[in-house]
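Report on the structure given below.
In the text below, chain A, chain B and the rest are named by the order of the sequence lines, each starting its count at 1.
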There are 2 protein chains.
Amino acid sequence: MIDVQNPLLSKLSAFATLTNSERASLGRFDRPRRCFEIGTDLMREGEKNSTAYILLDGWVLSYKLLRSGERQIVDFQVPGDFLGLRSLLLRTADHSIEPVTPIIAVEIGMTDLLRIFRESPRLAAAMLWALSTDGAVVVERLVSLGRRDAIERVAHFFLELGARLKVVGLATGDGYACPLSQYHLADALGLSAVHINRVLRQLREEELMTFRAGKVTFDNFDKLVQIAQFDTAYMDHGGAARE
Amino acid sequence: MIDVQNPLLSKLSAFATLTNSERASLGRFDRPRRCFEIGTDLMREGEKNSTAYILLDGWVLSYKLLRSGERQIVDFQVPGDFLGLRSLLLRTADHSIEPVTPIIAVEIGMTDLLRIFRESPRLAAAMLWALSTDGAVVVERLVSLGRRDAIERVAHFFLELGARLKVVGLATGDGYACPLSQYHLADALGLSAVHINRVLRQLREEELMTFRAGKVTFDNFDKLVQIAQFDTAYMDHGGAARE
DNA sequence: CGTTTCATTGAGTTGAGTCAACATGGGTGG
DNA sequence: CCACCCATGTTGACTCAACTCAATGAAACG
């Protein structure tokens with residue numbers, strides 16, 4: 001059981017080395033493990049008393065719809081990430097969540113949270129840290145949408161995703177598997193799908209990176225980092241936090 | 001002392017009615033009360049072990065700088081808001097904070113947080129709720145930058161700010177005092193100051209709202225709400241949360 | 001195999017940016 | 001008390017990054 005929770009353990013371990021009892025405490029989510037197929041939302045904006053989850057396998061996206069039918073993808077979540085914790089605290093979901101691929105997730109409720117806070121303040125701190133990291137990612141996306149042009153945005157996006165996947169062992173320094181479509185990228189980065197396509201071509205032709213057939217390959221990592229002004233500082237506070 | 005903390009009390013009271021002992025617990029922040037003038041940052045991106053604050057009076061802004069010298073303002077904070085809590089949890093500040101007006105703030109440290117969590121889970125829940133609301137605001141701004149045009153963005157911004165100020169008694173339904181410059185708006189909404197100016201003119205000429213001499217006036221609130229597709233749902237979960 | 005979804009490319013359009021000039025008004029030092 | 005400064009606000013003329021529309025492949029699928 002703890003086996004499947006590896007992604008979350010990997011992530012929290014980046015913050016602090018967990019004791020056996022803390023690992024056990026995490027493993028004691030005996031709430032149902034659920035699977036969702038593409039097309040079935042895990043959560044709907046406006047829904048009351050929604051359930052939160054820990055994502056064990058697969059990718060999901062969080063989004064908001066506009067009246068015009070357009071959507072803005074707030075973020076993608078990968079294994080080890082929390083889903084809908086904010087909505088749980090707000091008691092009304094402020095965004096929707098849908099699978100990108102078929103997924104496996106464990107439910108968590110308010111009672112589980114409170115239990116963790118009671119049983120292990122250290123674990124609670126690790127979880128708050130993980131939540132804060134999610135917040136930092138959203139803020140960084142905000143900067144992208146506000147002040148970066150299309151190439152910088154796309155480059156930054158793939159670098160950040162790579163860094164997140166690396167933490168849970170799903171990426172190497174060279175690239176990673178990525179199940180997103182160009183429409184996903186467009187809705188996440190505030191661009192049109194057509195323009196995303198042109199930008200991807202440019203990145204490919206300039207031999208910076210390649211996104212094709214569900215695979216991301218970094219052809220010139222350093223130059224890409226420079227173009228995107230990518231700074232990992234907001235993501236890997238792990239080392240700094242251990243003292 | 002509790003007197004000055006009214007803005008935070010007003011805000012948390014929107015989530016749950018607080019008992020006297022909970023109010024007292026909040027009041028027991030005997031940490032220094034500090035004043036900051038315009039031009040002195042409260043926090044710098046990258047700084048380790050920064051201090052967090054509760055803002056008692058005045059306005060501040062949270063921002064990130066880009067290499068090009070441009071900046072993206074992440075959000076403005078008004079009395080009753082937390083400052084830099086995420087940076088406290090991350091142990092390294094992921095953004096900078098500077099005053100918009102001279103301000104008064106109370107320091108909070110990790111120990112204060114832990115004490116609150118220990119002494120009053122209810123208060124802790126209220127604080128997590130307040131934090132979640134901040135997150136929801138950032139997400140809503142993300143949607144603005146990604147998928148709303150300039151007029152919608154500006155309209156949405158002023159409506160949201162109004163809603164937030166109303167919670168702490170600093171706005172009426174008709175308008176509020178707002179110390180921001182057009183440059184602030186530009187950096188927050190991902191537009192140029194020149195374009196902000198044109199949009200404000202348009203809003204004025206179409207008798208929707210007026211922003212002049214530090215005052216926001218809603219001339220046609222309903223139409224403005226309609227244009228901005230403004231939905232307060234993500235802000236006032238207060239009623240829903242009481243049960 | 002049609003159908004659907006995703007990717008690709010060209011041609012023309014536009015919202016917002018840039019540059020540049022000028023207005024206004026509070027603040028400050030001579 | 002005046003003169004000047006500097007930050008903020010305003011407006012016009014021109015440019016451009018990204019959009020829309022449209023057509024066409026290519027692969028995936030029941």
Side-chain angles (χ1 to χ4, degrees), chain A residues 37-39 59 61 66 68-73 98-102 144-158 177-206 209-216 227, chain B residues 37-39 59 61 66 68-73 98-102 144-158 178-205 209-216 227:
Chain A
E37 292 304 316
I38 297 169
W59 291 38
L61 60 86
L66 285 90
S68 59
E70 288 178 305
R71 78 172 171 181
Q72 175 64 44
I73 293 177
E98 70 172 43
V100 173
T101 67
S144 275
L145 298 191
R147 290 289 180 225
R148 286 197 252 260
D149 69 22
I151 301 185
E152 293 167 351
R153 259 183 242 188
V154 173
H156 195 281
F157 175 80
F158 281 115
C178 172
L180 305 178
S181 73
Q182 295 185 356
Y183 292 90
H184 286 134
L185 298 181
D187 283 344
L189 300 178
L191 299 165
S192 69
V194 171
H195 200 59
I196 287 284
N197 184 282
R198 288 191 245 264
V199 169
L200 288 176
R201 169 152 62 119
Q202 190 183 337
L203 287 168
R204 209 183 312 128
E205 287 175 350
E206 294 182 9
M209 61 158 289
T210 312
F211 174 46
R212 228 171 221 217
K215 296 202 76 172
V216 173
I227 286 175
Chain B
E37 292 304 315
I38 297 170
W59 291 39
L61 60 85
L66 285 91
S68 59
E70 288 178 305
R71 77 171 171 182
Q72 175 65 43
I73 293 178
E98 70 172 43
V100 173
T101 67
S144 275
L145 297 191
R147 290 289 181 226
R148 288 196 251 258
D149 68 23
I151 300 185
E152 293 166 352
R153 258 182 242 187
V154 172
H156 195 282
F157 175 79
F158 281 115
C178 172
L180 305 177
S181 73
Q182 296 184 354
Y183 292 89
H184 286 135
L185 298 181
D187 283 344
L189 300 179
L191 298 165
S192 69
V194 172
H195 201 59
I196 287 285
N197 184 281
R198 290 192 246 262
V199 168
L200 288 176
R201 169 153 60 122
Q202 191 184 336
L203 287 168
R204 210 183 310 129
E205 286 175 351
M209 60 159 289
T210 310
F211 174 46
R212 225 163 224 229
K215 296 202 76 171
V216 172
I227 286 174

Give the rounded distance in Å between these two atoms: [atom1] of [X] and [atom2] of [N].
X	N	atom1	atom2	answer
A/Phe211	C/dC6	CZ	P	12 Å
A/Leu185	C/dT8	CG	C1'	15 Å
B/Lys215	D/dT8	NZ	C1'	20 Å
A/Ile38	C/dT4	CD1	P	18 Å
B/Arg147	C/dG15	CZ	P	16 Å
B/His195	D/dT10	NE2	P	15 Å
A/Asp149	C/dA16	CG	P	17 Å
B/Gln202	C/dG15	CD	P	11 Å

Looking at every strand, decide which applies to [X] at a 4.0 Å heavy-atom threshold: base, sugar-phosphate, or nothing.
X	answer
B/Ser192	base
A/Gly214	nothing
A/Arg153	nothing
A/Leu191	sugar-phosphate

**Asked** With A/Arg147, which residues qualify under salt bridge (charged side-chain N to carboxylate O under 4.0 Å, His left out), at least two apart?
**Response** B/Asp187
Is a donor on one side and an acceptor on the other found under 3.5 Å between the side chain of [X] and the backbone of [Y]?
X	Y	answer
A/Glu152	A/Asp149	yes
B/Thr210	B/Arg204	no
A/Arg148	A/Arg153	no
B/Gln72	B/Ala188	yes

**Item:** Non-hydrogen side-chain atoms of A/Phe158 and A/Leu200 separated by less than 4.5 Å
**Value:** yes
**Prompt:** Tell me, do A/Val154 and A/Ile196 make a side-chain contact under 4.5 Å, heavy atoms counted?
**Reply:** yes
**Asked** Does the side chain of B/Asn197 get closer than 4.0 angstrom to OP1 or OP2 of D/dT10 through an N or O atom?
**Response** yes
**Asked** Which parts of nucleotides 21-30 of chain D does protein reach within less than 4.0 Å, heavy atoms only, written one letter per nucleotide 5' to 3' as B for base, S for sugar-phosphate only and - for none?
**Response** B---------
**Message:** Using heavy-atom distances to pick each residue's nearest nucleotide on DNA chain C, tell me which of A/Gln182 and B/Ile196 is more 5'.
**Reply:** A/Gln182
